[in-house]
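This chain uses plain numbering: 1 for the first residue, then up along the sequence.
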Amino acid sequence: MTDPESGRRPKYQRIADELRTAIQSGTFAPGDRLPGENDLMSTYDVARMTARQALSVLRNEGLAEARKGAGVFVRSFRPLRRRGIPRLAHDHWGSGRSVWSADIEDRALVIDQLEVTPAAPAGARVARVLGLDSPDAPVCVRSRRFVLDERPVLLSVSYLPASLAEGTAITEPETGPGGTYARLAELGHRPVHFREEIRSRMPTAEESTRLALEFGTPVILIGRTALTEAGVPVELNEMTLDSASYVLEYDFRA
């Protein structure tokens with residue numbers, strides 16, 4: 001039985017629906033080339049712009065990717081499942097593992113861009129979150145880009161009070177087993193409580209370039225504050241995720 005609503009949808013969306021169903025059913029497997037614009041124009045009797053829009057829908061959803069001079073292919077990339085609660089457990093980073101290792105399983109997550117500034121002005125926003133006295137108060141800034149399966153998936157910038165980080169491995173490119181949280185714990189500032197704020201928006205031009213985003217792909221923004229037992233904030237981590245590369249998972253008891 002034909003869905004009466006389907007006839008009211010734009011043609012490019014209906015074409016995208018059929019291609020999406022074919023991908024999900026396995027008719028088109030990861031790595032397979034999808035019908036090109038000329039093929040879709042002939043099959044569905046539509047204009048080139050309509051065919052192009054249909055393929056763009058699949059690319060924006062992260063199901064397909066364009067390869068210059070070759071066409072549009074079913075994306076073979078397996079999305080990351082970001083397990084929001086287990087990854088921050090003390091048993092995880094406290095045993096020397098990175099918080100990121102909870103997401104990647106047996107895959108290799110590489111930091112290909114890393115910049116550490118031991119002392120920079122916090123600015124009003126960061127100073128407010130970290131409870132610093134002044135926007136000019138110094139913070140240690142750790143900026144990183146993460147690449148998985150040769151694809152950039154995440155930009156991360158961490159801010160920590162310089163008074164905590166000064167003279168420690170936190171100001172070094174390699175912070176050691178367990179990362180920043182393990183070093184904070186050794187200094188007597190163990191994070192025991194985390195607060196995350198999540199929102200989504202379209203990327204800036206710089207974010208699109210650094211994450212190699214398909215046109216029209218939004219980013220997920222996660223701002224995480226780490227606090228000690230006394231409620232003192234010791235880190236603000238602002239993350240920008242390629243929305244087509246991530247599934248956010250939160251599993252907890254009622």
Side-chain angles (χ1 to χ4, degrees), residues 82 84-85 87-88 90 93-94 98-100 103 109 111-147 152-176 178-211 213 217-243 246 248 250:
R82 184 182 187 274
I85 295 176
R87 69 197 307 273
L88 295 174
H90 176 260
W93 53 264
S98 163
V99 295
W100 312 102
D103 305 336
L109 188 65
I111 298 176
D112 78 332
Q113 295 178 5
L114 170 64
E115 182 178 352
V116 182
T117 304
R125 176 178 51 79
V126 174
R128 182 178 66 255
V129 175
L130 293 180
L132 303 177
D133 294 336
S134 164
D136 295 323
V139 290
C140 174
V141 184
R142 298 182 57 84
S143 177
R144 294 150 289 174
R145 183 176 81 160
F146 291 81
V147 176
V153 295
L154 167 71
L155 307 176
S156 173
V157 184
S158 294
Y159 305 89
L160 303 98
S163 59
L164 296 183
E166 184 179 5
T168 74
I170 295 172
T171 63
E172 301 296 329
E174 294 292 335
T175 55
T180 298
Y181 293 156
R183 303 293 79 76
L184 286 171
E186 292 167 355
L187 295 168
H189 304 285
R190 172 184 164 185
V192 300
H193 179 75
F194 299 92
R195 179 175 62 247
E196 288 193 342
E197 296 182 352
I198 301 174
R199 60 192 179 95
S200 181
R201 60 162 167 77
M202 298 308 296
T204 64
E206 180 186 5
E207 291 165 346
S208 291
T209 299
R210 294 186 67 195
L211 289 172
L213 298 175
T217 303
V219 290
I220 300 170
L221 306 177
I222 301 179
R224 181 178 69 232
T225 306
L227 303 101
T228 66
E229 184 71 53
V232 177
V234 290
E235 184 216 32
L236 169 63
N237 187 355
E238 296 185 326
M239 293 158 276
T240 305
L241 289 65
D242 170 9
S243 63
Y246 273 89
L248 306 185
Y250 294 89

message: Measuring from atom CG of L221 to atom CE of M239, what distance do you get when rounded to the nearest 0.5 angstrom?
response: 10.0 Å

task: List in chain and number order the residues that pass side-chain contact (heavy atoms from CB on, under 4.5 Å) with I198, two or more places apart in sequence or in another chain; answer none if no residue qualifies.
output: I220, I222, L248, Y250

- prompt: Taking only residues two or more places apart in sequence or in another chain, which ones pass side-chain contact (heavy atoms from CB on, under 4.5 Å) with V141?
  reply: T117, A120, V139, V157, Y159

- prompt: Donor-acceptor pair, S243 side chain versus P218 backbone, under 3.5 Å?
  reply: yes

statement: side-chain contact (heavy atoms from CB on, under 4.5 Å) filter on T209, not counting sequence neighbours, yields none

message: When you compare the side chain of I170 with that of C140, does any pair of heavy atoms fall below 4.5 Å?
response: yes

message: One pair to check against side-chain contact (heavy atoms from CB on, under 4.5 Å): T175 and R142. What are the steps and the verdict?
response: CA-CA 11 Å; T175 55; R142 298 182 57 84; 3.4 Å; yes

- prompt: Mind checking what makes salt bridge (charged side-chain N to carboxylate O under 4.0 Å, His left out) contact with E166, not counting sequence neighbours?
  reply: none

task: Tell me, with the steps shown, if T228 and L184 meet side-chain contact (heavy atoms from CB on, under 4.5 Å).
output: CA-CA 10 Å; T228 66; L184 286 171; over 6 Å; no

- prompt: Going by the salt bridge (Lys or Arg N to Asp or Glu O under 4.0 Å) test, which pairs reach into residues 198-207, not counting sequence neighbours?
  reply: R201-E207

- prompt: Does one side chain, of S158 or R144, offer a donor that lies under 3.5 Å from an acceptor on the other?
  reply: yes

query: Nearest 0.5 Å, what's the CG-CG distance between L109 and L154?
result: 7.5 Å

- prompt: Are more than 12 heavy atoms from other residues, nucleotides or ligands located less than 6.0 Å from atom CD of E115?
  reply: no

query: Backbone N or O of L155 within a donor-acceptor pair of the R210 side chain at under 3.5 Å?
result: no

query: For L227 and R195, what are the C-alpha separation, side-chain angles and deciding distance, and is it a side-chain contact (heavy atoms from CB on, under 4.5 Å)?
result: CA-CA 8 Å; L227 303 101; R195 179 175 62 247; 4.2 Å; yes

- prompt: So which pairs with a foot in residues 118-138 pass side-chain hydrogen bond (donor to acceptor under 3.5 Å, both in side chains), sequence neighbours left out?
  reply: R125-E238

